Amino acid sequence: MSWTQVADVVGLACLTAGAVLCLCAAIGLLRFPDLLTRMHAATKPQVLGVLLVLIGVGLRIRSGLDVGMLVLIGAFQLLTVPVAGHMVGRAAYRTGGVEQAKVRLTPDDSTD
């Protein structure tokens with residue numbers, strides 16, 4: 001078995017795992033009951049799924065410029081999705097979209 005065949009098999013496994021994680025994130029967005037659990041589904045499994053898909057595509061195409069672009073896409077995913085999730089949660093907390101009893105904040109956190 002050559003190096004390229006091994007990379008293709010690993011890439012296929014990464015693509016499949018990433019697609020399954022993205023599907024789980026989508027189902028979680030539809031099925032979870034409140035904002036905080038939906039935010040969890042929208043951030044963690046979605047980012048990991050996208051990263052696995054990018055790794056799978058990178059192992060399949062093996063071109064330097066294209067892999068560099070995939071690395072940039074992954075880096076921006078890692079930078080922007082947690083910040084967006086935090087901002088949505090903060091806005092929901094401030095507007096009363098989250099039950100106050102479910103959130104435990106220190107006194108300094110609640111005044112921001």
Side-chain angles (χ1 to χ4, degrees):
M1 190 173 239
S2 69
W3 188 103
T4 57
Q5 291 173 333
V6 172
D8 286 342
V9 170
V10 173
L12 177 65
C14 287
L15 280 170
T16 304
V20 168
L21 274 175
C22 289
L23 178 66
C24 289
I27 292 171
L29 278 174
L30 293 174
R31 300 288 300 175
F32 284 158
D34 59 355
L35 177 80
L36 296 178
T37 55
R38 286 181 180 170
M39 280 180 28
H40 174 79
T43 55
K44 292 178 183 174
Q46 179 65 34
V47 169
L48 183 59
V50 168
L51 290 178
L52 283 174
V53 167
L54 293 175
I55 290 170
V57 170
L59 287 173
R60 181 69 182 107
I61 57 177
R62 295 178 215 116
S63 169
L65 185 62
D66 296 333
V67 170
M69 184 65 69
L70 294 174
V71 169
L72 279 176
I73 292 170
F76 283 119
Q77 282 285 314
L78 288 174
L79 289 174
T80 58
V81 170
V83 173
H86 176 78
M87 296 307 290
V88 169
R90 187 175 177 154
Y93 181 79
R94 287 184 171 188
T95 59
V98 177
E99 293 180 32
Q100 303 295 324
K102 288 186 176 182
V103 179
R104 294 183 186 171
L105 297 176
T106 62
D108 293 335
D109 291 338
S110 62
T111 57
D112 285 342

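It should be emphasised that the depicted structure is a prediction, and the values quoted were computed from it without experimental measurement.
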Revision key, fill the gap. Between Leu59 and Val10, the two heavy atoms sitting closest are CD1-CG1, 3.5 Å
Practice item. Looking only at non-hydrogen atoms, find the nearest pair between Cys14 and Ile55 and report the distance. Key: SG-CG2, 3.9 Å
Check your understanding: Would you say Leu12 and Leu70 are hydrophobically clustered, going by side-chain heavy atoms of ILVMFWY under 4.5 Å?
Key -> no
Check your understanding: Is there a path from Leu54 to Val67 through hydrophobic residues (I, L, V, M, F, W, Y) whose side chains come within less than 4.5 Å of each other?
Key -> no
Rest of the hydrophobic cluster containing [X] (Ile/Leu/Val/Met/Phe/Trp/Tyr, side-chain heavy atoms under 4.5 Å)?
X: Met87; value: Val83
X: Val20; value: none
X: Leu52; value: Leu21, Leu48
X: Leu65; value: none

Could you pull out all residues at least two apart from [X] that satisfy side-chain contact (heavy atoms from CB on, under 4.5 Å)?
X: Arg60; value: Asp8, Arg62
X: Leu35; value: Met39, Val88, Ala92, Val98
X: Leu29; value: Arg38, Ala42
X: Ala41; value: Phe32

Review point. What pairs meet the side chain to side chain donor-acceptor pair (under 3.5 Å) rule with one or both residues in residues 40-51, with sequence neighbours excluded?
Key: none
**Study point:** Residue pairs passing the salt bridge (Lys or Arg N to Asp or Glu O under 4.0 Å) test where at least one lies in residues 11-35, sequence neighbours excluded
**Key:** Asp34-Lys102
Check your understanding: In Å and rounded to the nearest 0.5 Å, what is the CG to CG distance from Leu51 to Leu78?
Key -> 5.0 Å
**Study point:** Counterpart residues, side chain to side chain donor-acceptor pair (under 3.5 Å), relative to Thr4 (two or more places apart)
**Key:** Ser2
